[in-house]
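Report on one structure; see the data block that follows.
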Number of protein chains: 2
Amino acid sequence: METIDTLDRKILTVLQRSADMPLEAIGDQVGLSRNAVWRRIKALEATGIIRARRAELDAGKLGLGLMVFMQIRTHSHDPDWQGTFAKATQTIPGILNVYRMTGDLDYLIRARVADMADYDRLYQQLIKRVPLSDVAASFVMEEIKDDPVLPL
Amino acid sequence: METIDTLDRKILTVLQRSADMPLEAIGDQVGLSRNAVWRRIKALEATGIIRARRAELDAGKLGLGLMVFMQIRTHSHDPDWQGTFAKATQTIPGILNVYRMTGDLDYLIRARVADMADYDRLYQQLIKRVPLSDVAASFVMEEIKDDPVLPL
DNA sequence: TGTGAAACTGACATCGC
DNA sequence: GCGATGTCAGTTTCACA
C-alpha cells in the first residue's frame, strides 16, 4: 500500500464512477490542469492502483437476472483439493467471485445465472469437477445497494 | 432483456475486460470496421446494456484490504424498517452491496474495510441507525477468483 | 506544473454495397 | 444491416519552458 495524496484520491473517486470523462473535466473537479491529471493517472496506472477500465453491463438485460451465493463447507484436508476447487471455479462461466472465508474450511461463491435451471447447470458442473460435501445456495431477491466505489 | 447478436456479445466481452481500447482494436478482435463497432456501442449504451465505464482500483493498495460479509436476520415486520435499513446502508461508505436474500427476512452486506477496527466502526455506525437483532460477520481470507466478466 | 503543438481518436455524415 | 471514406471537433500525448 503506497501513500496517496488528496488530489490522487479525488481523481480516483471520479474515475471509479465514470472513467469516460475527459481529462479537462476531471481537472475542473479536482482543481488541476488537464496535464497534471494525465500525469497522475499514468502514475496510478503504473503503480497498479488503477487496475483496469471496464464497461459495467446490465446483467438483467443480458438475461443473467439471478444472483446466487453458494456457501461451501468441506471436510477435505486433501492438500490439492483447494487447487482443484480453484481451477474448477476459475473456468466455470458465471462464477464471479470465490472467497475463502474465516472459519476453517468455508468457501463463498458469488455467481450470476439466468434462472434456477441455469443455476442447476452451474451446480452440476461444479460438483462434477470437485467433491463437495455441503453446499447451501441463497438467492438474491433484491439488490438494495450496488455501488462499487471504494471510499477514499 | 433485449436480443443481442453474436457480434454485440463479442464487443461486450472485450469491453468488460478493457474499456480503454481504441475502436479499431476492438474491430480487429470482433471482425468489424471501426465504424460498425462505434454504431453498435452507441446502440448498446442507448439501450442501457452498457451502464458505465469505471476504473477498477486495487483495494489492497488503497488500504482497504479486508472484505467482510455481514449476514443480517431481523424479526421486524415494521413496514418502514427496510426503508431505514436501505437508507442507512446506502450512505455508509465501505458498504458495496446490500442484498435481500431468499428465506423470509435475510439480508447480506458486502463491505470493504481497512482492518478489524475499521469493521467495528462500520458495524457501530450501522447498528446506531438501524435496529438489528442478529448480525453475523464473515471475513474473506483469500480471494480465489475475482472476475466481473459476465458470460456472453 | 502549466503551455502549446502534434498526433490520434471519437463522432458523426454520406455513399455504395 | 455493413464497409469505406472524409471531415471536424475533441482529446490524448509529449515536447519544452
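Residue numbers begin at 1 in each chain, while the letters A, B, ... track the order of the sequences. Note that the structure is predicted; figures quoted are calculated from it, not measured.
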Once you round it to whole Å, what is the distance between [atom2] of [N] and [atom1] of [X]?
| X | N | atom1 | atom2 | value |
| --- | --- | --- | --- | --- |
| A/Arg40 | D/dT13 | CZ | C1' | 18 Å |
| A/Ile26 | D/dG10 | CD1 | P | 17 Å |
| B/Arg53 | D/dT11 | CZ | C1' | 15 Å |
| B/Asp20 | C/dG10 | CG | P | 11 Å |

Please tabulate, one pair per line, all N/O donor-acceptor pairs under 3.5 Å involving side-chain atoms of residues 12-20 of chain B, not counting sequence neighbours.
from	atom 1	to	atom 2	distance (Å)
B/Thr13	OG1	B/Arg9	O	2.8
B/Gln16	OE1	B/Leu150	N	2.5
B/Gln16	NE2	B/Leu150	O	3.1

Given the P atoms of C/dA11 and D/dT13, what is the spacing between them in whole Å?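 15 Å, rounded to whole Å.
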Of all residues at least two apart in sequence or in a different chain, which pass the salt bridge (Lys or Arg N to Asp or Glu O under 4.0 Å) check with A/Arg39?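 Not a single residue meets the salt bridge (Lys or Arg N to Asp or Glu O under 4.0 Å) criterion with A/Arg39.
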I need the A/Leu62 CG to B/Ile49 CD1 distance, nearest 0.5 Å.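 Answer rounded to 0.5 Å: 5.5 Å.
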Which comes earlier along DNA chain C counting from the 5' end, the contact point of B/Trp38 or that of A/Gly31, where each point is its nearest nucleotide?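 Result of the comparison: A/Gly31.
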With sequence neighbours excluded, residues passing ring-ring contact (aromatic ring centres under 6.0 Å, His included) with B/Tyr123: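 With neighbours one apart ignored, the set is empty.
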Taking the side chain as everything from C-beta on, heavy atoms only, tell me whether B/Lys61 gets closer than 4.5 Å to A/Arg51.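 When only atoms from C-beta onward are counted, A/Arg51 and B/Lys61 do not touch, as no gap falls below 4.5 Å.
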Would you call the rings of B/Phe69 and A/Phe69 parallel, tilted or perpendicular if under 30° counts as parallel and over 60° as perpendicular?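 Ring orientation of B/Phe69 relative to A/Phe69: perpendicular.
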For a quick check, with a 4.0 angstrom heavy-atom cut-off, what is the B/S/- contact string for nucleotides 3-9 of chain C, read 5' to 3'? BB-----
B/Tyr99: what forms a side chain to side chain donor-acceptor pair (under 3.5 Å) with it, not counting sequence neighbours?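 With neighbours one apart ignored, the set is A/Arg110, B/Asn97.
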Can you give the dot-bracket line for DNA chain C, where a pair is Watson-Crick or G-U wobble with both atom distances under 3.5 Å, crossing pairs use [ ], and | marks a partner on another strand? |||||||||.|||||||
Under a plain distance cut-off of 3.5 Å, with no hydrogens placed, do B/Arg129 and B/Gln125 share a side-chain donor-acceptor pair?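 Judged by distance alone, the side chains do not pair up.
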